[in-house]
Each structure stands twice: as C-alpha cells, then as structure tokens.
Student: 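Here it is, the structure, as structure tokens.
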Amino acid sequence: MKDYDYSRIEKKWQAYWEEHQTFKVTEDGSKEKFYVLAEFPYPSGQGLHIGHPRPYTAMDILARKRRLQGYNVLFPFGWDAFGLPTENFAIKNRIHPAKVTADNVASFTKQAKAIGFSFDWSREINTTDPAYYKWTQWIFLQLFKRGLAYKKEMAVNWCTDCKVVLANEEVVNGECERCHGEVVRKVKSQWTLKITEYAQRLLDDLESVDYPERVKASQINWIGRSTGAEVKFAVNTGGEASDDALAVYTTRPDTLFGATYMVIAPEHPYVEKWAGRLSNFGEVVKYRELAAKKSDFERTEIVKEKTGVKLDGVLAVNPVNGAEIPVFISDYVMMSYGTGAIMAVPGHDTRDWEFAKKFNLPIIEVVKGGDVEKEAFTDCDAGVMVNSGFLDGLSVEDAKVKITAWLSEKKLGEPKVNFKLRDWVFSRQRYWGEPIPVVYCEKCGGWVALPESELPLTLPEVESYMPTDNGESPLATLVGFINTVCPVCGSPAKRETDTMPQWAGSSWYYLRYCDPHNDKELISKEKLGYWTGVNSAVSPPVDWYNGGMEHTTLHLLYSRFWHKFLYDIGVVNTKEPYKKRTSHGMILGEDGQKMSKSRGNVINPDDVIRDYGADGLRLYEMFVGDFEKVAPWSTTGIKGCKRFLERVWGLAEILSDGDEYRKELRAAFHKTVKKVGSDIETLKFNTAIAALMSLINEIYSTGSINKAELRTFLILLNPFAPHITEEMFEKAGFGVLNTQSWAGYDEELCKDDETEIAVQINGKVRAKAVVKAGSDKATTLAAAKAALGGLLDGKEIVKEIAVPDKLVNIVAR
RNA sequence: GCCGCUGUGGCGGAACAGGCAGACGCAACAGACUUAAAAUCUGUCGAUAGUAACUAUCGUAUCGGUUCAAGUCCGAUCAGCGGCACCA
C-alpha cells in the first residue's frame, strides 16, 4: 500500500483552493444563501493554540456540507485586532502595536490556511484597518447625533504607581497586576452609550431568535428587568424638615411597614450635600474612601461582613407610618443600580438582615411564614402580611398592588420598571483603539461631531503609544493631534483623546463581510438585501453564529444593540443580526486545566499538523467530545483519528467496480448518510465520526468496497477531512469533490428487516427475541413470551407493556 | 455572593422524546505475523461472586421520590467549571 502522505496531499489541495478561489462567494440570486459565521479571533502574540481551530473546524464542516447541498455559502474570516493585550505587549517589548498586530495576523493566517478552512479570504477584514474603522466611527457619530452617546462621570480603576486607568482584569486583589501598586477608584468623565434605552427591545426580541436557552437566560439576567415601585422618603436633617427626599427603588413595596432604616451608596451625592449637618462627617468620608478602593464585585459579596456608617444628624421618615428611621452609608448599596439608595427591610432581605444584626437595628416581621429573628424570610409566594396596617391579611402579591396604588395616590411613589443593565462605558484611556471622532469646542459650548467627510479619523502613527502619567490616553500628549479647529464655528478646538473599546469593532463586523470593500457606505442595500434573503422572507443576515459562552452577555448584547440602532436609522432591514447562535466548549490542556503559557500545557497546532496532518487535527478536534462542552486535549487520542484516516486511505486498495451499494451494506450506508447529515446540523460531530468509523469497520469486514460505496463514503467524510477525500476522489476518477452534490438517502432503506428486542420481566432483561421490523403489539408480545420459555410458569401476569422494535416488559407476580 | 453549566468504565465520550447503560475511540492485556521491535491484524476489556461457552447480584456523584421501566423526570445534598460589565 502506498503511504498516506498527508503533508503532500494537504499542501496540494490548499494550493488548488487558493488558485481556483474555490470558496469565494458572490451574490448569486439563483442560489439560496447561507451565512455561517464563527466569531473572529483576537490575534494574540502567542499564536494559534489548539483550542482555536475547534469552532472554525465545526463551522467549516457546516459550510462545506451546505455548499455540497447547493447553498451559496458565505463563510468569512477577519481580525478583532484592537485591544489591551496587544498594547501591553507593545509597551513591554517596545514594538509599535500596529507592527505587533501585523505580525500576529500574518502568523495566524499561515496557521489557519494550513488547517484548510474554506474561508472566503477575499472578504477578510481587520478592525484596525482605517477603511474598516471609518465605519465604526461613523456609527458612533450617528449615536452621538441622536443623543445616544454622552459623557458621564464614573469611577475607574486607577493605579497610583503606574498612573494608568486599569481594566478590572488588571486589578488583582486590589493591586495593579503589573507593579502591585495600590489601586483606587477615581472619578473620570467617560463616553457612555445609552444601551438602556434599548433594554426592553433587547429583551422582547429574544423571542424571535434561535439561541440556546442558557444563552437567552444569561441575556435576560444581564438585562435584569424587574418591576416594583419608586418610593420617596422625606428627610429631616439637623432636627428640622428638609426639602430633600430620598428616592428608593424597591421590588418589595409590600414590605414598606418593615423598613426600619435606610442605606445609601457611599458615592451618593447627598453625602456631600449633607456634609455640614453630619456630626460624624469625618468618619463618613473615611468610610467612603475605603469603599472607593473596592470593586463592585468585592462590595456585593455576601460572605463578607457588612460594614457601614450611620449618618448622624439625618433621619428619614417612612411615608407609610411616619416613623423616623436612621440613614446609613454602606458599600453593599451601588450607585449604579436603582437610585443608589434603598429602604432596608431586615425581616425580608438577607443583606439587610445581616446589616441589621451587626448594627443592632430593629427587625420587624411584615410577612408571616418564617422566623425573622433567625434569618430573613424572603419567600414571597408564601405568607400573608402582618404588622402592616391596611395591608394586614393580604397576600404579598395583593399587597404590592395595594401599596403601589396608595403611594401613587398620595404622590409618595409610583410603579416603576427597573433594569440591571447599565449604559455601556465606551471610553478607554488607551492608544490601541479607534479614535472617537468628536472635538471639544469652547465657543460652541460642548462636544461637536466631526463631519462624516473627515472620517476615518486615523490613529496618529507615532512613536509614543505609552500611557501618560495623568490618566489621559496617550493621544493626549500629541499636541499636533489634539489641537484642531471646530468644524462648526472654526474656532480652536480640542480633539477627544479617549479611544473606543474593543467591543466597538466587533459589534457590527458581520455586516461588513457582506460588502467588505465598500468605501461609500457601511453596506450597500443590494448586498444587504441578498444576505438577508433574496429568495425567502427577510431574516437576520447571519444564519448561524457560533462563538464562546464567554461572549454570550456583553458581545452578543452590544452587537444586538448596535444592530437595532442601525435598524432604527434605516441602515439595516432586520431587527436582529443573528438568526441562530450556538457555542462551543473550550479545549483544555492534557492536565484538564485551561491552556496557558504559565501552566506550560499549551499545544501548538503546527506540531500537531506536522505529526498527524491537518485532516487528523480537524477530525480529532471534532471527535474529542460534545462540541458544546469543554474537552481535554489528548495526544494519544488523536492517534486513533490518524489510524482511521489511514484505514480510509487503504480503501483504495480494495476498490472494485459497482454502481450501487451492495445488499449487505445498503442499510448501513443509508443509515450513515442520514446520521452524518443530521449530526452535522445539530453539531454532533463526535457521533457523526463514530458512525463513519462503524461504517468503515463494516466495509472492511466484507473485504472490499465498490465505487458507489467509496464515492458516498468520501463525500460524507469530506467536510471533516477535506484534503484526503479530495485526493482519493480524484484518484478514483470521480473528479473534483467540492463540485459534487451531498449524498442522499432513502428512509425506507434505512430500516433493517428484523430487530432484536429485549424481553423483560418486572423491568429486568430475561431474554431476547427477534421480530420483523414494524411488527404489531400482539405479534411482538407473542414472540417475547415464546422467547421467555418457562420463566413465566406459575406466575400471574399483571401487566404487559410492548414498545415496538424496542422491548417488552411483563409485570408478573 | 449572584447567574449559568457539568458530574457515566483505567481515559475521552455514546445512549433520538423515560425503554437492553457503556456505541465509537484511546489505553491495557492475550494471540497472529516478525530473528526482534514498531506497524498491522484477531480476540478480551464496569464491579463482585460462583464459573466452561455461562449465570446471578450490584452499577451513571450522594440521599430520597415518581413510574411497569430512571443516566434521562422531580426534591434535597456534595463536588467541579464558566461569566459577573475596562480581558476578549
């Protein structure tokens, strides 16, 4: 047998595809379109690791199969190349980020091509390309013009030693990841996008898309819609009534009679406002400084002991009974959620209960059903109202309605829908991002948009991309960049020096693939029209979008938000970008840990391709386990896949003539065609491969394979292992495989003539029986009883259950 | 902490919608071929007990429930993984 020389074969076919532009796609109205997308990668300096190919191989299989089925398949690729890791690498190694990016893209490209993905490389995009980010900036301008982009003061992580704004990820245990300097929260003015204005639509439209339930659930939780009431508490300061009212948002207005104190966030503006009236202001300020060092995450941890400071000199008035109650500041209340103030009901909220116990505050039971001295009773489905005046005896549900109506009537509050979702912080004080195309004009009195004709506003190509020491973007040091004139009034103005987050470029890239070289528009109506369904009803452009679970909240939500905005301004014609979303599990190291350089368990795909071939790599990545779950890499496991490919290669040695499946293999072939086809569509690649392995075992057991059988076998295997199958197809004289059609099957021919069924007595298998397929209940039962022989003698049959073609269970005493 | 997910042989994993648990592959063991090894081929391969091919009992993280029948459904518990808004 001639050896299976995978290296030669793979290079040959990769060159062939490149030369013939086999996978280049044009808008062909005679074919039905299929747009399949795998999240584009971030080209990190470490090169491709073995986890990267998994989603691309999976979507490549889908793309190749759909092409054989006659679809016009758009399967594009590109680079999400702005971002922090590149910038940090650049700073550390003194190489310009643009150069770092170009190098990384080049090595990723080489690796991706060596695996044989059927991308349409003519549509490759890169978010750091000015021709691309021109349109990212354009979208920002449209948001800005419609009031959806605004500046807002907010806390950022500030490293006191490096003097840079840090990402949450760069803060480790309250210290800077790099220099271990102290990290504090510092207030900065940041560009912010009003995603909250789209909260309800982002929630509602989930019903129209095909996402896994767990993905929908995480989007729903992230948006966090709740209904409740906003309630106003009057405030007495310094012993006299004040005009200030403290508004709180609560989902439990029914428990208002149980509110025994209030808590406001340390950043709450009233703290400053009341400064003069607080006898312990010094202590309050100290606490506020302490809280400023903590992240939201640390602050909301329940396990830690509650802390806080009472505001001496301020009392709030419970509107429902006029009781005067103390006001505290505590870090478990966030300024970013609700109104930044809460009414505390220790009897029925776990956090309030812990706080009340610590500070010896009264706990009043207002819903019966638990023991509020032992723990907060939070089950609102059970129990009736007590100690609550006019609400006594009502259910929680009814009490909510009644108290909300009462508050509205007395103008003390109103029903309110609240979202956990916060506006999108869009500023980064960094170099390696899209410049924000606005200028600050003193004369015009604010931020002014650049005219669209001045886009793209390119990143100045300079030596200095190092952070400044005052927390501004590196762009702030570039006098030539900053100083400009106002496009409206012509007077001197200053450019914005913050850049956009990496999320920006990835929020709309799927659209650009449809029309990647258009310099007049973001996307043309014609191209968009084709990819949203020229032959069928208009539906989201991307038919199938696969990506990691780690992107199911932010990236997915942000891009859905931008798409809806583009819909509102008439750029796109669908409300949603992605019709269907799936996600893949990570590939772990051989030790079962996440692959990382520091753990030393990273496997390089180049080595794997050298030793096992690209087809071997692809096959093993798909065979290793359930695509949607994590799976550890195994160097011995991949041997089995290579062995299988060698057995496939060996089929050429036992090839004989024959235009149709032989009788003994007919059912096996029809079944396998059916299974492989449906398994690909449901991402069950591992069982599709197992079915092909079983089939080849059967083929070898007959000692030969005929041409019809080999042809089908190669077509079924082609999406998984495109190189070896093309080579064998050509060698067998069948022509070029990718111009053929996918294999068909006949449902009738999938069935075996006879099936073996299990015969159980009281649920335990006691015998086997062979029956003709599709036999009725009576025949099946008779066969089953015959198979049992004398085992039922002397027993009383209580019940007989027969499942056609599966089993019979006889309940007997 | 909150939200989501996962738990099946020595290992990766199968099991459509409650119907024979362990498909397919890896590793291991035995045999064939070979001077020998590798490769290849054939066979065995959840546990326990007796044993000749066999039979019985147990077995899908733990405890309990529903059902003729539970890896699958329900309740509780334990363990691990992922996300938590400036990593992408």
Side-chain angles (χ1 to χ4, degrees), chain A residues 1 39 41-42 44 80 82-85 88 156-157 165-171 190 195 213-215 217-218 220-222 224 295-304 332 336 350-351 420-430 501-503 506 547-555 557-558 585-586 588 592 594 620 623-626 628-641 643-644 646-647 650 675 678 682 684 686-694 697 700 756-765 768 798-803 805-812:
Chain A
M1 194 225 292
E39 278 172 356
Y42 178 75
S44 73
D80 187 16
F82 274 131
L84 199 56
N88 284 342
V156 295
N157 303 308
V165 175
L166 298 179
N168 285 346
E169 188 188 62
E170 297 175 290
V171 183
Q190 306 261 60
I195 189 173
E213 277 313 311
R214 59 184 170 148
V215 173
S218 61
I220 291 167
N221 288 332
W222 197 259
S295 68
D296 285 4
F297 176 50
E298 288 172 294
R299 284 171 52 169
T300 47
E301 267 184 312
I302 279 197
V303 281
K304 63 149 189 146
Y332 79 94
S336 51
T350 312
R351 290 158 306 177
K420 274 202 195 109
L421 183 68
R422 312 205 289 253
D423 277 341
W424 175 4
V425 183
F426 202 69
S427 284
R428 298 292 183 270
Q429 287 73 39
R430 293 289 184 154
Q502 186 171 19
W503 306 109
S506 61
M549 267 311 276
E550 68 274 21
H551 293 139
T552 49
T553 44
L554 295 183
H555 164 63
L557 208 60
Y558 289 158
M586 238 187 316
L588 304 174
K594 202 168 168 173
Y620 182 63
F623 185 62
V624 67
D626 186 336
E628 297 182 287
K629 294 186 192 143
V630 296
W633 181 260
S634 160
T635 304
T636 52
I638 192 173
K639 280 187 190 155
C641 288
R643 222 170 270 167
F644 168 70
E646 282 163 350
R647 277 160 73 77
K675 178 153 183 67
S678 67
T682 49
K684 302 275 179 213
N686 51 342
T687 52
I689 294 166
L692 288 167
M693 287 172 168
S694 295
N697 290 344
Y700 270 107
E756 192 186 52
I757 63 165
V759 184
Q760 301 178 329
I761 298 177
N762 296 334
K764 298 204 166 171
V765 180
K768 302 269 174 152
V798 181
K799 198 171 179 182
E800 293 169 334
I801 295 117
V803 182
D805 296 340
K806 282 263 163 71
L807 61 57
V808 166
N809 187 16
I810 295 170
V811 186

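Protein chains get the first letters and strands the later ones, always in sequence-line order, with residue 1 at the start of each.
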Student: Please tell me if Arg351(A) has a side-chain N or O lying less than 4.0 Å from either OP1 or OP2 of rC2(B).
Tutor: no
Student: So what's rA23(B) paired with, Watson-Crick or G-U wobble, going by both distances under 3.5 Å?
Tutor: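 rA23(B) is paired with nothing.
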Student: Please determine, for rG46(B), whether a Watson-Crick or G-U wobble partner exists with both distances under 3.5 Å, and give it or none.
Tutor: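 Pair assignment: rG46(B) / rC58(B).
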Student: Mind checking the P distance from rU62(B) to rG71(B)? Whole angstroms is fine.
Tutor: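 Straight-line distance between the two P atoms is 12 Å.
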Student: Return the 5'-most residue of the pair Arg647(A), Val811(A) with respect to RNA chain B, ranking by each residue's nearest nucleotide.
Tutor: Arg647(A)
Student: Suppose you measure atom C1' in rC5(B) against the same atom in rG9(B); what distance do you get, rounded to whole Å?
Tutor: 24 Å
Student: Check whether any side-chain heavy atom of Ile195(A) sits under 4.5 Å from a side-chain heavy atom of Tyr558(A), and report yes or no.
Tutor: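 Of all side-chain heavy-atom pairs linking Tyr558(A) with Ile195(A), at least one is under 4.5 Å.
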Student: Of Gly83(A) and Asp626(A), whose closest RNA chain B nucleotide lies nearer the 5' terminus?
Tutor: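 Looking at RNA chain B, the more 5' nearest nucleotide goes with Asp626(A).
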Student: Looking at rC84(B), which nucleotide sits across from it as a Watson-Crick or G-U wobble partner, both distances under 3.5 angstrom, or is there none?
Tutor: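 The base-pairing partner of rC84(B), which may sit in any strand shown, is rG1(B).
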Student: Using atom P of each nucleotide, how far apart are rA79(B) and rC63(B) to the nearest Å?
Tutor: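 Straight-line distance between the two P atoms is 16 Å.
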Student: Using the P atom as the point on both nucleotides, what is the distance between rA39(B) and rA49(B), in whole Å?
Tutor: 34 Å
Student: Counting only Watson-Crick or G-U wobble pairs whose two distances fall under 3.5 Å, which nucleotide matches rG64(B)?
Tutor: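 Answer to the pairing question: rC74(B), which forms a Watson-Crick or G-U pair with rG64(B).
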Student: If you restrict it to nitrogen or oxygen atoms, what contacts under 3.5 Å exist between nucleotides 16-19 of chain B and the protein, and what is each distance?
Tutor:
| from | atom 1 | to | atom 2 | distance (Å) |
| --- | --- | --- | --- | --- |
| rC16(B) | N4 | Lys806(A) | NZ | 2.2 |

Student: Now, which nucleotide makes the Watson-Crick or G-U wobble pair with rC16(B), with each of the two distances under 3.5 Å?
Tutor: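 Base partner found: none.
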Student: Across all strands, who's sitting opposite rC33(B) as a Watson-Crick or G-U wobble pair, both distances under 3.5 Å?
Tutor: none
Student: Scan every strand shown for a Watson-Crick or G-U wobble partner of rU6(B), both distances under 3.5 Å, and answer none if you come up empty.
Tutor: rA79(B)
